[in-house]
Amino acid sequence: MTEAAADSAADSAPVLTVRDLRISFPGGESRVDAVRGVDLELRRGEVLALVGESGSGKSVTALAAMGLLPPDAQVAGRLLVGDRDVTRLGPAELRDMRGREIGMVFQEPTTALNPVLTVGDQIGEALTNHENLTAAQVRERTLELLEAVGIPEPAERMRAYPHQLSGGLCQRVVIAMAVACNPAVIIADEPTTALDVTVQAQIMRLLRELRDSRGTAILLITHNMGVVADLADRVAVMRDGVVVEVGTAEQVLTDPQHEYTTALLAAVPRLGSGSRAAATDEPAADRPPTVLHLQDVRVEYRTLGRPAVRAVDDVTLAVRRGEVVGLVGESGSGKSTIGRCALGLVPATAGHVTLLGVDQRRLRGSRGRRVRRGVGVVLQNPASALDPRMTVGDSIAEPMVIHRVGSRAERQQRVRRLLDDVRLPAAAADRYPHEMSGGQRQRVGLARALSLGPDLVIADEPTSALDVSVQETVLRLLTELQAVHGFGCLFISHDLAVVESVAHRVVVLLGGRIVEEGATQDVLHRPREDYTRLLISSVPVPDPVQQAARRAAADAVLRESARALAG
Amino acid sequence: MTRYVAGRLLQAVVVVLIVTVIVFALLHSLPGGPARAILGIDATPAQMADFNHQQGFDQPLVVQYLQYLGRLLHGDLGRSFALNQDVSAVVTQRLPKTLLLTGVSTLVAMAVAVPLGVWQAVRRNRAGDYVVTALTFLAYSTPAFFLAFLAILLFSQAIPLFPAQAPQADTLAGILAEPAALVLPVATGAVTAIASFSRYMRSSTLDNLAEDYVRTARAKGTVERRVIWRHVGRNSLTPVITMLGYHIPVLFGGALVTESIFNYPGMGLAFWNAAQVSDYPVLLGVVLVIATATVIGSLLADLLQALIDPRVRGAHR
Amino acid sequence: MTAVAQPPPVPEVPATVPAPRAASVLRRLVRHRLAAAGLVVVGLLVVFSFLGPLVHPADQSVTNLQEASLPPGSAGHLLGTDGVGHDVLGRLMIGGRTSLIIGIATGLLATVIGTVYGAVSGYFGGRVDAVMMRVVDAGIAIPALFLLLTAAAIIRPSVTSMVLILGFVSWLVPARLVRAEALSLRTRDYVAAVRAVGGSGTRIILRHIVPNTVGTITVNATFQVADAILLIAYVSFLGLGVPPPATDWGGMLSDGVTNIYSGAWWLIFPPGLAIVLVVCAFNLIGDGLRDAFEIRRSR
Amino acid sequence: ACGGGAGQQAGTGGGAPVEGGTASFAQPAGSTPNWILPLGVPGRTASFNQSIRDALWPPVLSYTAESGKLGLDVKGSLATAAPAWSADGRTATITLGGQSWSDGKPVTSRDVEFWFNLIKANTSGWTSYVKGNFPDNVTAFTTVDDKSFSMTFDQAYNQQWAEANQISLMYAMPQHAWDKDSDAGPVGDLDRDPAGAQRVWTYLTGQASSLDTYATNPLWKVVDGPFTLDAFSTTGRVTLKKNPAYTGPDAAHLDTVDLLPFTSEDAAFNAVLAGDVDYGYLPIASLAQKPRVEGLKYRVQNWDGWAINFAPYNFNDATAGPLFRQDYVRQAIQRSVDQDGISKVIWKGTAVPTYGPVPQQPAGDSLSDAQKTNLYPFDTAAAQAQLTGHGWQPGADGIVVCARPGTGADQCGDGIAAGTRLQFEMYSQSGSSETDAMMQELQSSLAKAGIAMTIRTAPLNTVLADTKPCAPGAACGWQASFFGARGAWYLNPYPLTDRQFSTPGTGNFGSYSNPETDSLELAARVSNDPSAMQAVSRQLATDLPGMWLPEPVYQVSAIKQDLQGVSQDPQAVIHPQRWYRTK
Ligand SMILES: Nc1ncnc2c1ncn2[C@@H]1O[C@H](COP(=O)(O)OP(=O)(O)OP(=O)(O)O)[C@@H](O)[C@H]1O
Ligand SMILES: Nc1ncnc2c1ncn2[C@@H]1O[C@H](COP(=O)(O)OP(=O)(O)OP(=O)(O)O)[C@@H](O)[C@H]1O
Ligand SMILES: [Mg+2]
Ligand SMILES: [Mg+2]
C-alpha cells in the first residue's frame, strides 16, 4: 500500500459507512448489547482492519453490514453500503445488494460451503445470482475466479466437493465467491485464523491484489497483528462493543494511544525475541530418560476407493524428561497425527512407538492404563476436546477418577488449584464447556492434562484459540510448571513465535517427513533448509514497515525456491 | 463403489439368513402347529398325523430348516396348504399389487411431506407451523384402521366421490385403469406417512437452516427460495431417505389394514390370513420377501444418499 | 457396517447435542408453551386414569345387558355404556391405566435396551458393530406384525407380556439411533482424551457416549411411548390385545370402530380422543425436549 | 324359526321372473375357493368350495331345507328318488336320472362306481373318511344297469343316517374323461384295480392343485351340473356360466353368477352399501344399518346354520375336571348363561340359543321336546342355591368355596377338597368383539352365582390347537374352551353327534364320557325310529357335556329384491341355479 493510494482513497466517497451502530440481542432474561455505538468508514481501495478482544462485536458488526444478523437481533443506527441504508432495505433489495455491492468471507471456510454442491456450482451460483450468463460463460468465469484466487488445477477443482479440499483451498473458494461479482466492499472475517503461515501469506497476497487491481475496499477482521501490519491501511480497535481507537496502521501499531491497544500489542509474541536453550550438551549417560520415542514411524489413513493417505512417513523423534520439543509445519503436514500416534489413538502403520519406556503395542489392559497415568494430553480443538455434558471440574478430575487418585474432597481441592494455575476462577468448576469461551476451554484442557502430574505432556495447538494476552499467560504457566515438574513435552503448533518462546528443540515437518530438527535457536534463527526459511519468512510481524520488508524478502525466498524447483 | 455394493449385498444375504432362522424358530415354537387349523375341527388324529408327516413336521427342526434352505436355494418357497398354491405364485400374484399401493402412497407422502416440512421449518413457531404441526400430530395419532373407515364414510358414502373398494383387477394395468378407486386406499396409506415424514423433514431442515453455508448462500445474494430448496432442501433430505429404507416393514403393516378394508388382496392380507391358519410356507415366504425388500430398500436408500451427499460417497469403509 | 448405512435419523433432535443442566432443561421445557401443554395433558390423563375411579366408581367386571349401548347422558352414565353395559367413562379410566402403563413401560424398556445396545455397538465399531447391527437389521426387516402375532400365540396376553412384546419390537430403532451417534461420538476428541489417559470402554460408554445421546434418547423415548400406545391399538384391532374384561384405549377404539355403522359414536370418539390426546401430548413433549436440548436456538 | 333357514323363498318385490341375467355373490370374508374336485381332501372342505363343486357336479343325493326341514332335495340330486332299501335294511338301490355330461355322454352308474372306486382305494386321503364308516361299511357295490346301482352295508343302519350322512357323500364323475393317470394317458378302467385307482387319484388331485388352470383345464370342462366354470382367479373371483348342455331338472335361470372375494366383512359391507353386489352380507356390528340397506333395495335375512355351539369342559383337567364332573356344577353354570340376553344384545338377534346337540333350526324330527325349551333357564339365584345346597359357601369376594367336602347329596362331591374355590379358566378365541362381549357377560353372571371364570384369549388357531383331549388328571393347558364365534360344529343332515359326545369320539376334546350317552348315540345310528335321535337330544340337553351357548347365524344376508329363488341352505352352500331375476 502506497501513500498515494491512501490519499486518493481518502478523497473518494466512503463505500461503507457505519454511524452510531447499536446491536443487541434481547434473548429473554440475558440481554446482550453486542455493539454499543460504532462509527466506521471504508473508502474505495482501502483496507480497514478491525481488531480487538474476542466477543467485542467485530463479527456482529460485519454481519449487520450484510443484513445477515439473526432475526432476533435489534439494530439501531445507520449502515450505508454506497448510499443505501442496509437497515432499511427490503428482502429483495438486500438480496440484490449482497454479492454485487458487498461480499463476505466467513470465518470458518469448511462450514461456510454447502457440503453437497460442487465448488464450481457454488461459485457459479454467486455469478448467476446477479448476471444472466450461459452455462459456458459461467464455467469460464468460474475458472477465471479459481485461477485468480490461486487454486491450482482449477478445472479439476471445480468439480470437487468441499470436503475434498483442504482448509486453505476452501478459504480461497469462499474468497472467490465473495469477489465473483466484483463487489465494492469485501468483509473478511478472520480469513486466515485456521491457516498456517504459508497459506496465510498466500491469502493476504490475494487480498492485496484484489484491492490493487479492482480497487476493492476490504474490512478485515482479525486477531493477528502480523496480518494487520501486512495488509491494513487503517486500524480500528474494538473492545466491549465500542471502537476504542482508530488510526492508520502504522500509527496504531507503532504508537498506540489507548491503553487496551498498548496491552494488546505488548502481548504479541515476536519471532526472534529470544528462545530457551536446548539441554544438549550433557553427556549421554547423564541425560534424562526418554519419555516418548518414535522410531521410523509411518501412519497411513485408509479410505475405501481412494489410495491410502500417508500422513506421517518415517518419522523418528524423541522427547526427554524436562524437555519441550516443538513440532512445527504447515497445516496437514502430520503434526496432530504424530501426536495421536504417540498416544496410541491412531495405529502406526510401521515403526515403533515407545511411551514412557513401554512399547505402544503392549499398552493394552490394566497395565496400559497404569502407564497412561503418566501422560497428559491437550488435543487440538478445544471445542471438541471437552465432554459437553460434564462440568469443567468433572472433566479436570476425570483422569484422577480413572486412576483412583485421592478422595473426592482431595480431587476437588486439586481441581481448584489447577483452575487457579490456568488463571480460571474456582467457580468455573461448576460450569459446562459451552458456558466458556474458546480460550477458557483451552485452558481447561491444559489443566486436565496436568491434573495427574504427568511425566509426558502432548499438547496440540494449546493456544490457538487464545487472545494474545491470554496466550501469553498460558505459555508462561506451561514454562513454569515444566520447570518445576520437569515433564517432557511435545508441543505442537504452527505459530513459530510461540514455539520459539517455549521449546528447547524444534522439529520441522513437511508432508509427513521431518525436514529439519535441532535446537530452537539454531532452527529458527539459522535455518538450514529452504522450507524452514520459507516458514520463518512467512510469519508476519506486527509492524507495517518491518513487515513490508519481510514480505519482499519472503517473496524472494519463494521465487528462489520456485526457481530451484523448476531447475 | 462396486466393491462396496457387493459387500452390502453380501451383508444383505446374511441379514436375510438371520431372518429366516428367527422366523423359522418362532414359527415352529407356535403351539399346536397348523394341522388343526388347516384341517378343521372335524379332522381325525390320523388325518392330522398324516398331514404332519406329509409336511415334514415330524422331522427334527434343524432338518426341517435345512430342507427349507435347500428348497429356497432352488427358488422354491414351498406350497401354501391353505391356498392350495405355490407360495411363489401367491407372491408374484400379490406383491406387485402391494408394491403399487404402498409405492404410490409413499410417493404421494413424500411429495406432500417434503415441501410441507420445509415450509414448516421456514415458518417455525408461527401460526402456520403450529396449525400444520397440530394436523400432523392428529394424523399421526389416528390409527390407520380408523382413518380408513372415516375416509370411506366421508368420501365414499356421505359424499360419494370415490369407490369404497380398491380396483379389483388382477393386473397392474387393470388396477391403474381405475385411478378413482385408488384414491382412498392411497390416501389412507399416505396420511400417516405424511405425518411422520414431514416431522423428520421439518426437523432436519431446521438443523440445516442453522448451518453456516446457508448464511454464505445468502451472502452471495441468492434468492431465498433457492437457498431453501437447492441448499437446505437437498441436505435435509438425507435423513428422510435413510428412513425410507427402513420404512418398508412399517408400510407393510399399514398395507394389511388398507388391504383388508379396501378389499385389495395383497401381501399384507396374504400374511394375515396365513397367520390365522398357521400357513407356515406363506408366512415364511412373505416375511422373507419383506425382509429382502427391506434390506434392498435400505441399500437403495444408502445409494440414493450417496448420490445426494458426496461426503457419504467417500466415507465407505 | 459402513458409515453409509446411517440408521433412521433421530426425530427432532439437533445434530449437536449440547448439555444444559438438567434443571435448566426442565425449565426450558416448561417454558416451551406447547411442551408444557403436553406435560399438563399427560398429567391430567394420568390423574384421570388412576384417580378417576375414586371420583367415578364404575365396576368394570359386572356387565348389564339391560343397560347396554345407552347413549351419553343416560342416568349414571355420563358417556353412555358399551355393548355389554359397561360405563364408558369408567372403562376409559381403566383403559387409560393399561394404555399409559404399557406405553410408558414399553418406552422405557425399548429405550434402555436400545441405548445400551446401540452405544456398545457404536463405540466398539468394526466387527462387533457389524455383527450387532446385522442382528438389528434382521429385527427391523422382520415385520413387527409377525413378531406380535407369533408372540401373541406363544405368550399369554397380559399387561406385562404386552410390554415385553412391544418392548422387544421397539428397541431396534433407538438402538440404531444411538449407535449412529455413538459412531460419531467415539471419534470425538474428548473420547480420545479419555482413552489416551487410560479410561476404560465401559467408562467411556456410560459416562461419555450415553450422556451425549441424551437428547436423542429422551426425544425418541417420548415417541416410543406414543408409538407403543398406537401399536396396542393395532394389536387390539387384530384381536391380540389384553383379554377382556381388561381393556385399553386402543382396544376400546378398535371395538368402537366395528360399531361405526351402529351410530354408537360414544364408543368411538372418547377412546379416539384419548389416544389422540396422549399421542399428541407425548409428541409435544418430545418436540419441547428437542428445543430444550438445542443450544443453538436457546442461546 | 325366526326368519332363518328354511323356506326363504319369500321376500318382497315379487315381480315377474325373467330368464337370464347375472347375479353377484359375496363370498365369506377372507375365504377364497381352493378346490374343485368332487373328491374331498383334507383342508379343502369349506362350504364355498362345495357350492362351486355342487354347481358343476351335483351329488347323488342332495339335501336342502327348502321344504322348511332339512331333507332330501330330489331336484338337486342325480338320483331320481330316495334309495330303495331291501327288506333286511342293508342294501340300498339308487336310480340315476337322465342327466348327461356336457360332452353329450350320459351320466351312468359307472360314473358313480368310478367315484366309489377312487374313494375306496384312497381312504386315507379322503377327508370324510372315518374308520368303520363309508366306504368301509359298504360290503358290495353293484352296478345294476346303466342308471342304477346298489350298495350293501355291513349291517342295518338307520336309513336316514345312511342316506343323509353316507350316501350323500357320493358323486358321479365323468369316468370316460377322467379315468387316466396322466394328461396324455389313455382313458381306461384304471379305477377298477386299487393301484390304478391310486394313480388316477394322484393325477386328479394333482390337476386340482393348479388353481390357475381351473377355468382352462379340459378335465373340468366335463360337467353334469347346471353350471360350467367360466373364470377362476387365484384371488378368489369365480364366474359360473349356465351350462347349455345341462339336461337335468334343475337348470339354471341366470346366465352368469359371479362369486366375489372380500378381504374383510367391512369391505363386503361397503360393497353392499355401494350396491355392488346382489347377494352380500352385513357385519353384526353394523346391523343398525338394516333400514339403510333395505332402502338400497335389498332384503335383509338371517342365514341360519345347521350347527350347534358349546364350550366343551375339560373333564380330565386336574383342577377343573373334578368340578365339571359334578352334575350340579354344570347345571349351575348353565343356569348362569343368559342365552336370550346374549343372543339379543350381544349378537343383536343374530344368534340362536342352543339347548342341546341338535341344531335348533330348522326344527326337525330329531329335536326332542326337552331340547325345544331351555332346561336350565337363566337364573343366577337358582344357580347359587344349587351350589349352596351342595355345601359351597360364598367367600369374601362372592366366589363360593367348598365348605362340605364329601360325596353325599348335599356335599361338594368326589375329588373336591374343603376350601376349593369354584373357579375355572375359559380359553377363548380372540379377534371377535361379540365373543369378547359374551365372555365378559358370562364372567359377570357366573360371578353373580358365585363362580369365578377367568378369561384367557388366543387366536382361534391357537385355541383349536390347544383344545385337545388329555390324559385324566393331567394339567391340560385348558379347562373350558370356546371357538365358536363363527359357529363351531356344522353337522351332517342327520345330526348324529357321536364324534363330539361319545366316549371314543375324535371330536370329544373334553373327554366327556357317559355310558348312557354312548349307547343312545349308538342306537341313533342303527335304529330307524326318530325317537332314537330325540333320545340323544334329550340326554345331552340334560347332561350338559359342555356349556351350551347361542349359535351365531351363518351370516346376515342382504339380497337384492329383484333376485329371487334364493334359499339360504343351513348347510351354508348356495344353489345359484335356482336364483332368478324379476322385473
Ligand atoms: N445470536 C446471538 N445471540 C446473542 N448474543 C450474540 C449472538 N451473536 C453474538 N452474540 C454476542 O455478541 C457479542 C459480540 O459477538 P461477535 O461474534 O461479534 O464477537 P467477535 O468480536 O467477532 O469475537 P471473536 O473474535 O471471538 O470472533 C458476544 O458477546 C456474543 O456473545
Ligand atoms: N481420519 C483421517 N482420515 C484420512 N486422512 C486424514 C485423517 N486425519 C488426518 N488426515 C490427513 O492426514 C494428513 C495430516 O493431518 P494432521 O491432522 O496430522 O495435520 P496437522 O499437521 O495437524 O494439520 P493442522 O495444522 O491443520 O492441524 C492431512 O493430509 C490430513 O488430511
Ligand atoms: Mg468473530
Ligand atoms: Mg493438527
Side-chain angles (χ1 to χ4, degrees), chain C residues 59-71 81-87 91 94 145-146 148-158 161-162 234-248 250-265 267-268, chain D residues 264-266 269-270 273 282-290 292-293 338 340-348 378 397-398 425-448 452-463 465-466 477 485:
Chain C
D59 192 338
Q60 293 297 325
S61 65
V62 176
T63 59
N64 186 346
L65 296 185
Q66 273 73 48
E67 291 200 349
S69 303
L70 295 181
T81 61
D82 71 0
V84 287
H86 289 315
D87 177 64
R91 213 156 170 70
I94 66 149
L145 183 65
F146 174 79
L148 290 173
L149 276 176
T150 38
I154 298 170
I155 308 173
R156 284 181 183 217
S158 70
S161 71
M162 292 297 254
Y234 283 101
V235 169
S236 304
F237 176 72
L238 300 173
L240 306 169
V242 288
T247 190
D248 65 85
M252 290 177 73
L253 178 64
S254 65
D255 259 7
V257 166
T258 62
N259 284 303
I260 201 159
Y261 286 117
S262 71
W265 56 267
L267 297 182
I268 305 172
Chain D
S264 63
E265 283 196 350
D266 294 303
F269 182 51
N270 288 332
L273 288 179
L282 282 72
I284 287 163
S286 304
L287 269 186
Q289 295 286 303
K290 187 173 167 183
R292 175 164 167 211
V293 172
D338 182 5
D340 292 329
I342 291 172
S343 304
K344 214 171 77 212
V345 177
I346 294 173
W347 294 97
K348 306 211 163 55
F378 176 57
D397 57 352
E425 182 185 74
M426 177 63 89
Y427 191 24
S428 164
Q429 73 176 98
S430 58
S432 151
S433 47
E434 287 83 12
T435 302
D436 284 350
M438 185 162 82
M439 289 305 144
Q440 292 179 57
E441 160 62 19
L442 284 179
Q443 186 180 46
S444 167
S445 50
L446 282 166
K448 281 177 199 153
M453 180 183 99
T454 53
I455 304 167
R456 167 181 161 209
T457 57
L460 173 63
N461 178 37
T462 310
V463 176
D466 284 345

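Only this structure's heavy atoms are used, side chains among them; waters, hydrogens and symmetry mates stay out. In what follows, every chain begins at residue 1, and chains take the letters A, B, ... in the order their sequences are listed. Predicted model, so just to flag it, every value in this text is computed and none were measured.
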- Could you tell me which non-hydrogen atom of D/Leu287 sits nearest to which non-hydrogen atom of D/Leu282, and how far apart they are? CD2-CD2, 4.0 Å

- Message: Please rank C/Gly85, C/Ser236, C/Pro243 by heavy-atom pairs under 4.5 Å with chain D and give me the top one.
- Response: C/Pro243

- Run through C/Leu65, C/Val84, C/Asn64, C/Val62 and flag the one making a side-chain contact (heavy atoms from CB on, under 4.5 Å) with D/Ser444. C/Val62

- Message: Can you list everything that forms a side-chain contact (heavy atoms from CB on, under 4.5 Å) with C/Asp255? Sequence neighbours excluded, please.
- Response: D/Ser433

- Query: Which atoms of D/Leu273 come close to chain C, meaning under 4.5 Å heavy atom to heavy atom: side chain ones, backbone ones, both, or neither?
  - Reply: side chain

- Message: Quick check against the 3.5 Å criterion: does D/Gln429 have a side-chain atom that pairs as donor or acceptor with the backbone of D/Ala485?
- Response: yes

- Measure D/Ile346 against the heavy atoms of chain C and call it side chain, backbone, both or neither at under 4.5 Å. side chain

- Okay, D/Ala437 and chain C: the region with an atom under 4.5 Å from a heavy atom over there is both

- Message: Which atoms of D/Lys344 are under 4.5 Å from chain C, going by heavy atoms: the side chain, the backbone, both sets, or neither?
- Response: neither

- Message: I need the D/Thr454 OG1 to D/Glu425 CD distance, nearest 0.5 Å.
- Response: 4.5 Å

- Which of D/Glu441, D/Met439, D/Gln440 passes side-chain contact (heavy atoms from CB on, under 4.5 Å) with C/Pro245? It is D/Gln440

- Task: Could you check which of D/Met438, D/Gln443, D/Arg456 has the highest count of heavy-atom pairs closer than 4.5 Å to chain C?
- Result: D/Arg456

- Query: Quick one: what part of D/Thr457 sits under 4.5 Å from any heavy atom of chain C, side chain, backbone, both or neither?
  - Reply: both

